[in-house]
There are 2 protein chains.
Amino acid sequence: MSDSPDFACCTPLTGTSMSTEQAEQVAPLLKALADPVRLRLVSLIASSAGGEACVCDLNEAFDQTQATISHHLKVLHAAGLLDRDKRGVWVYYAVRPKALPAVATLFSTPAPTGARG
Amino acid sequence: MSDSPDFACCTPLTGTSMSTEQAEQVAPLLKALADPVRLRLVSLIASSAGGEACVCDLNEAFDQTQATISHHLKVLHAAGLLDRDKRGVWVYYAVRPKALPAVATLFSTPAPTGARG
DNA sequence: TGCAGACATCGACATCTGTCGATGTTATCG
DNA sequence: CGATAACATCGACAGATGTCGATGTCTGCA
């Protein structure tokens, strides 16, 4: 996977029927988010100071093993949702700026401006 | 499963860290959407005339078996994303009005109104 | 009553996924 | 150089998931 996907998922679900290609491009993104632990990871990172969080802190916030958390972070990173930054011994993850808004656009109604018909 | 979930997923992911309970409530919703076929199903239904579509038409729009499409529709219906309406021999599915906006809110930034930092 | 069509369900299967313990890799400190 | 700590990777395993063919259920029609 590229390290900087373009988030082509910016076309709303409604309005026009989605192409097979686009669906196959968006699904992995949602699949990465469709897990309670990963959802909380993203939320925790997004709400952290500076928009980033150290893995060591994340490990302590969950009941799962360090290996499991590392796995989930890898999945989120592979999906292009998280940025990874290693500083010395510590690793910081941050939510990719445009990732969440892109997903939000997917589920937004096209354009309520100028309702016609 | 209730036939009318309240879509408690209306709190944005960012801003405040998500609770375990809320995460476990939202994850199934995203899991239901995290499939290319189901994504296209929702999109196709949402963009159909009247906001609903007959299963017979949906079947013809996909390469998968009728049993598979029926399965996916059941998953989406169980997640509270689709409404089911049987009329004679035909069954019509419609996207639940507030379902998609609720998901959109999840991934929206808390409040762009009156940026105050 | 019998038949045909629309859709759901069942049973089976290969594959994917979440989780863990164990181990590997890399950076820091004495 | 050796020890320690932070994080990633590996191998394994139970359970979930997507798909199919076959069959069941219900409706409308002759």
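This is a predicted model, so every value here is computed, not measured. So you know, we letter chains A, B, ... as the sequences are listed, proteins then strands, and number each from 1.
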Below the 4.0 Å mark, does [N] have OP1 or OP2 next to a side-chain nitrogen or oxygen of [X]?
X: Thr68(B); N: dC20(D); value: yes
X: Ser70(B); N: dC7(C); value: no
X: Thr65(A); N: dC20(C); value: yes
X: His72(B); N: dT19(D); value: yes
X: Arg84(A); N: dA8(D); value: yes

Review point. Between Arg38(A) (side chain) and Leu33(A) (backbone), is there a donor-acceptor pair under 3.5 Å?
Key: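 No; zero donor-acceptor contacts below 3.5 Å.
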Distances under 3.5 Å between nitrogen or oxygen atoms of protein and nucleotides 23-30 of chain D:
none

[X] side chain: which of [options] is closest?
X: Asp35(B); options: dG18(D), dC7(C), dT17(D); value: dG18(D)
X: Ala67(B); options: dG21(C), dT19(C), dC20(D); value: dC20(D)
X: Val55(A); options: dC7(C), dA8(D), dT9(C); value: dA8(D)

Review point. Side chains of Arg96(A) and Leu81(A): does their closest heavy-atom pair fall under 4.5 Å?
Key: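 Contact flag for Arg96(A)/Leu81(A) side chains = no.
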Check your understanding: Do NZ/NE/NH1/NH2 and the carboxylate oxygens of Glu52(B) and Arg84(B) come within less than 4.0 Å?
Key -> no
Check your understanding: Taking all atoms of both residues into account, what is the closest heavy-atom pair of Leu29(A) and Ala79(A), and its distance?
Key -> CD1-O, 3.1 Å
Check your understanding: Which heavy atom of Ala27(B) sits nearest a heavy atom of Leu39(A), and at what distance?
Key ->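 Heavy atoms only, the tightest pair is N-CD2, 3.8 Å.
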Review point. Salt bridge (Lys or Arg N to Asp or Glu O under 4.0 Å) with Asp57(B): which residues, sequence neighbours excluded?
Key: none
Exercise for review: Could you check Trp90(B) against Gln64(A) and say which one's nearest nucleotide on DNA chain C is further toward the 5' end?
Suggested key: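 Final value for this comparison: Trp90(B).
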Check your understanding: Under 30°, 30 to 60°, or over 60°: which ring-plane class applies to Tyr93(A) and His77(A), parallel, tilted or perpendicular?
Key -> perpendicular
Separation of [N] [atom2] from [X] [atom1] (nearest whole Å):
X: Tyr92(A); N: dA6(D); atom1: OH; atom2: P; result: 12 Å
X: His71(A); N: dA8(D); atom1: NE2; atom2: P; result: 12 Å
X: Glu60(A); N: dC7(D); atom1: CD; atom2: C1'; result: 14 Å
X: Leu73(A); N: dT9(D); atom1: CG; atom2: P; result: 11 Å
X: Leu39(A); N: dT17(C); atom1: CG; atom2: P; result: 17 Å
X: Asp57(A); N: dA6(D); atom1: CG; atom2: P; result: 11 Å
X: Leu30(B); N: dT17(C); atom1: CG; atom2: C1'; result: 16 Å
X: Asn59(A); N: dA6(D); atom1: CG; atom2: P; result: 10 Å

Practice item. Looking at every strand, decide which applies to Tyr93(A) at a 4.0 Å heavy-atom threshold: base, sugar-phosphate, or nothing. Key: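 Sugar-phosphate contact only - Tyr93(A) comes under 4.0 Å of backbone atoms but never of a base.
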Study note, to complete from the structure: side chain to side chain contact (heavy atoms under 4.5 Å, CB included) test vs Val42(B) passes for just one of Leu76(B), Asp35(B), Leu73(B), Val37(B), namely Leu76(B)
